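Computed over heavy atoms, backbone and side chain alike; hydrogens, waters and symmetry mates excluded. Reminder, nothing fancy here: chain letters follow the sequence lines and each chain counts from 1. Because the structure is a prediction, the values reported are computed rather than measured.
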Amino acid sequence: MAEGQDEPVGESREEELVAARRAKADALRAAGVEPFPHSFEDVEAIASVLDTHEALENGEETESKHRVGGRLAARRGQGGAAFMDLVDRTGRIQLLVQSDHVGDEAFAAITDLDLGDLIGVDGTAIRTRRGELSLKVDAITLLAKSLRPPPDKHHGLKDVETRYRRRELDLIASEESRALFITRSKVISTIRRYLDDLGFIEVETPVLQPLYGGAAARPFTTHHNTLDKEFFLRIAPELYLKRLIVGGLERVYELGKDFRNEGISQKHNPEFTMLEWYEAYSDYMVIAGRLEEIVRECARAVAYEGEIDFESPWRRETLQESIHSRCGVDIVANRDRDSLAAAMKEKGLEVPETDTWAQLVDELLTKHVEPHLQQPTILFDYPKELSPFAKDHRSQDGLVERFEAYAGGMEISNAFTELNDPDEQRRRFEMQKADADAGDEEAQPYDESFIRALEQGMPPTGGIGIGIDRLVMLLTGSKTIREVVLFPAMRDEQ
RNA sequence: GGGCCGCUAGCUCAAUUGGCAGAGCAGGGGACUCUUAAUCCCAAGGUUGUAGGUUCGAUUCCUACGCGGCCCA
């Protein structure tokens with residue numbers, strides 16, 4: 001052992017395992033072998049090797065040379081021969097190492113490798129008598145010594161907490177987890193391609209904002225030292241994106257993180273990925289069509305095969321109908337708090353005494369409608385009180401042109417025909433201020449620079465936000481947002 | 001915020017009524033040239049989440065706290 005007499009007693013088992021691996025690395029260095037070399041060029045994906053030799057017969061050997069790299073995942077000794085499993089991002093391949101082929105010295109070095117070590121392999125393709133496509137090893141190069149033991153090679157890493165806190169271990173141990181995050185990446189690249197092909201330009205607007213807005217949420221705050229000024233982490237990019245529409249960019253989108261200082265749940269992480277796009281000369285109906293199409297493209301790109309039907313046109317209802325048909329309460333006919341509360345009581349529904357009218361509508365929607373919207377559904381035409389940035393409905397008094405889309409019992413999207421009348425926008429901010437004064441912590445702060453931009457003239461515009469994490473949840477069948485976020489927010493371990 | 005459940009070796013899991021904390025895998029030593037959760041033999045590996053309490057004796061019962069999961073709000 002490498003440690004001396006003054007090593008603390010009661011050393012943990014894990015530290016012993018680490019010490020044993022470190023000793024191997026030291027022994028390699030002493031023998032002139034670098035355990036952390038700089039590069040290993042021209043590796044081929046394991047999946048490509050497997051594809052190339054798919055038709056190989058059992059027991060057949062080839063002269064076809066391949067170079068692969070990856071992590072040593074399993075080993076089955078056999079005296080003068082050893083079988084090992086190598087894993088890279090694309091798959092797993094068996095290695096056959098024979099002492100009479102590589103030589104006794106190399107064989108000893110190879111069998112001294114630890115599970116979890118990163119290695120480069122040169123070999124020829126064969127199929128074993130038992131039918132497993134393998135590389136018959138000519139040489140193995142240690143690419144990086146793994147000093148810590150990997151999760152169980154068969155059971156993997158089951159502890160949910162460890163999987164989230166130490167995602168690298170989860171990714172090492174779980175092909176499903178790797179596949180999920182590759183799927184997530186495909187969703188995002190599909191979205192970019194879809195919007196790019198329509199002539200949208202991708203933009204980046206401030207994450208650190210002097211004033212927050214564009215959603216009903218409480219912000220995180222931070223401080224800029226040089227400016228000695230408080231900043232907010234954005235809760236949405238909406239207002240900046242609309243300023244770009246004023247500026248004539250006409251079709252813009254932003255894909256990035258928003259931050260909301262609220263509870264953590266299976267559907268909420270304090271930072272999450274949002275797509276917003278804005279399209280000049282458009283309205284919410286055009287946007288609704290694009291939403292269906294972009295989600296369908298994503299489902300196809302990831303070969304979605306779950307129970308949600310993303311191929312057919314989505315179910316469409318008004319918000320009023322959606323609540324009335326399920327609760328028997330008409331929110332449009334009961335436009336004040338007391339009459340809506342009375343209507344709810346009449347139907348035997350619970351009425352939280354402190355709620356405002358808007359909060360009662362939200363209660364009805366969240367509790368009695370949303371959970372039933374498993375198949376994709378778009379709810380149109382929201383009350384003006386709930387929607388400070390949506391344009392008045394072209395034919396319905398008191399409503400705005402807004403929709404929310406639901407699937408899997410979850411809101412995934414929110415869109416408007418954007419309010420572009422600066423005077424009306426100013427009145428909406430005044431309404432928000434009244435709500436804030438009444439104690440609503442999610443009310444919009446008055447944003448004068450946004451109003452000034454609208455006064456410059458914004459064309460009729462449709463805009464939308466789509467929750468990417470939730471979309472990925474649906475497309476991967478994940479029950480919690482933590483499964484689709486690489487490093488979800490956690491409390492401190494101690 | 002409330003209720004319930006969990007926390008034991010690096011990983012996956014046991015432990016009867018409160019009575020010396022056990023396996024498998026991984027790691028160490030050995031055997032084995034077509035295995036694939038390889039197999040076989042040997043040895044080793046623990047502050048049972050933390051802090052208290054009850055008890056002759058606590059992984060087990062009680063209290064508090066921490067972290068996580070599920071359900072509810």
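- Closest to the side chain of A:Glu61, out of B:C34, B:G68, B:G27, is B:C34.
- If you check every strand for non-hydrogen atoms under 4.0 Å, A:Arg75 touches sugar and phosphate atoms only.
- Rounded to whole Å, atom P of B:A37 lies 15 Å from atom CG of A:Leu115.
- No option in A:Val49, A:Ile93, A:Val121 other than A:Val49 meets the side-chain contact (heavy atoms from CB on, under 4.5 Å) test with A:His66.
- Checking side-chain atoms of A:Gln444 against main-chain N and O of A:Ala215 turns up a donor-acceptor pair under 3.5 Å.
- Contact between the side-chain N/O atoms of A:Arg76 and the OP1/OP2 oxygens of B:A37 is not found at any separation under 4.0 Å.
- Distance A:Phe83 CZ to B:U33 P: 12 Å, rounded to the nearest Å.
- The separation between A:Tyr164 atom OH and B:C67 atom P is 17 Å, rounded to whole Å.
- In this entry the distance linking CG of A:Leu133 with C1' of B:U36 reads 14 Å, nearest Å.
- For A:Ala81, the side-chain atoms get nearest to B:U33 when compared with the rest of B:C34, B:U33, B:G69.
- The listed nucleotides are B:C34, B:A38, B:C67; the one nearest the side chain of A:Ala74 is B:A38.
- Between A:Glu411 and A:Lys267, no side-chain nitrogen of the basic residue sits less than 4.0 Å from a carboxylate oxygen of the acidic one, so the salt-bridge criterion is not met.
- Among A:Tyr212, A:Phe259, A:Phe220, the single residue meeting the ring pair (Phe, Tyr, Trp, His ring centres under 6.0 Å) criterion with A:Phe232 is A:Tyr212.
- Distance from the side chain of A:Gln94 is smallest for B:U36 among the nucleotides B:U36, B:C11, B:G68.
- Straight-line distance between the P atoms of B:G24 and B:C41: roughly 10 Å, to the nearest whole Å.
- Among A:Glu14, A:Glu15, A:Glu16, A:Glu168, the one residue that satisfies the salt bridge (charged side-chain N to carboxylate O under 4.0 Å, His left out) test with A:Arg148 is A:Glu14.
- Spacing between atom NZ of A:Lys158 and atom P of B:C25 amounts to 16 Å, rounded to whole angstrom units.
- Here A:Arg163 lies out of heavy-atom contact (under 4.0 Å) with every strand.
- Both the sub-6.0 Å distance and the 45° axial angle are not jointly satisfied by A:Arg167 relative to the ring of A:Phe487.
- The residues A:Asp122 and A:Lys65 are annotated as not salt-bridged, no charged nitrogen and carboxylate oxygen being separated by less than 4.0 angstrom.
- One N or O donor and one acceptor, one from the side chain of A:Asp100 and one from the base of B:U33, sit under 3.5 Å apart.
- Taking atom CG on A:Asp117 and atom C1' on B:G27, their separation rounds to 13 Å, with Å as the unit.
- In this structure, the nucleotide among B:C11, B:G68, B:U36 sitting nearest to the side chain of A:Met490 is B:G68.
- Comparing B:A51 with B:C7, their C1' atoms are spaced 16 Å from each other, to the whole Å.
- Comparing the C1' positions of B:G3 and B:A43 gives an interatomic distance of 48 Å, to the nearest angstrom.
- Going from the P atom of B:G22 to that of B:U33 covers 37 Å, rounded to whole Å.
- With hydrogens and angles ignored, the 3.5 Å screen pairs a side-chain donor or acceptor of A:Arg428 with a backbone N or O of A:Ala390.
- Contacts of A:Gly156 with the nucleic acid, taken as non-hydrogen atoms under 4.0 Å apart, involve only primed sugar atoms and P, OP1 or OP2.
- Comparing the P positions of B:C72 and B:C13 gives an interatomic distance of 25 Å, to the nearest angstrom.
- Heavy-atom distances to RNA chain B give each of A:Arg491 and A:Gly80 a nearest nucleotide, and the one nearer the 5′ end belongs to A:Gly80.
- Residue contacts for A:Ser265: at a heavy-atom cut-off of 4.0 Å it reaches no nucleic acid atom on any strand shown.
- In this structure, A:Arg166 reaches neither bases nor backbone, as no heavy-atom distance under 4.0 Å exists between it and the strands shown.
- Taking atom P on both B:A64 and B:C11, the two are 29 Å apart, rounded to the nearest angstrom.
- Picking from B:G68, B:C34, B:G10 the nucleotide with the shortest atom distance to the side chain of A:Leu17 gives B:G10.
- Counting atom types as modelled, A:Asp152 pairs a side-chain N or O with a base atom of B:G24 as donor and acceptor under 3.5 Å.
- Within the 4.0 angstrom heavy-atom criterion, base atoms lie near A:Arg129.
- OP1 or OP2 of B:G28 sits under 4.0 Å from a side-chain N or O of A:Lys24.
- Nucleotides B:A58 and B:G2 are separated by 32 Å at their P atoms, to the nearest Å.
- Checking the phosphate oxygens (OP1, OP2) of B:G69, no side-chain nitrogen or oxygen of A:Gln266 falls inside 4.0 Å.
- As rounded to the nearest Å, B:U50 and B:C67 have P atoms that lie 15 Å from one another.
- Of the side-chain N and O atoms in A:Lys153, none sit less than 4.0 angstrom from OP1 or OP2 of B:C25.
- Among the nucleotides B:C34, B:U12, B:G27, the one closest to any side-chain atom of A:Leu157 is B:U12.
- Each of A:Ser134 and A:Lys479 lies near RNA chain B, and the nucleotide nearest A:Ser134 is the one positioned closer to the 5' end.
- A:Arg127 has no side-chain polar atom (N or O) that falls below the 4.0 Å cut-off from OP1 or OP2 of B:C34.
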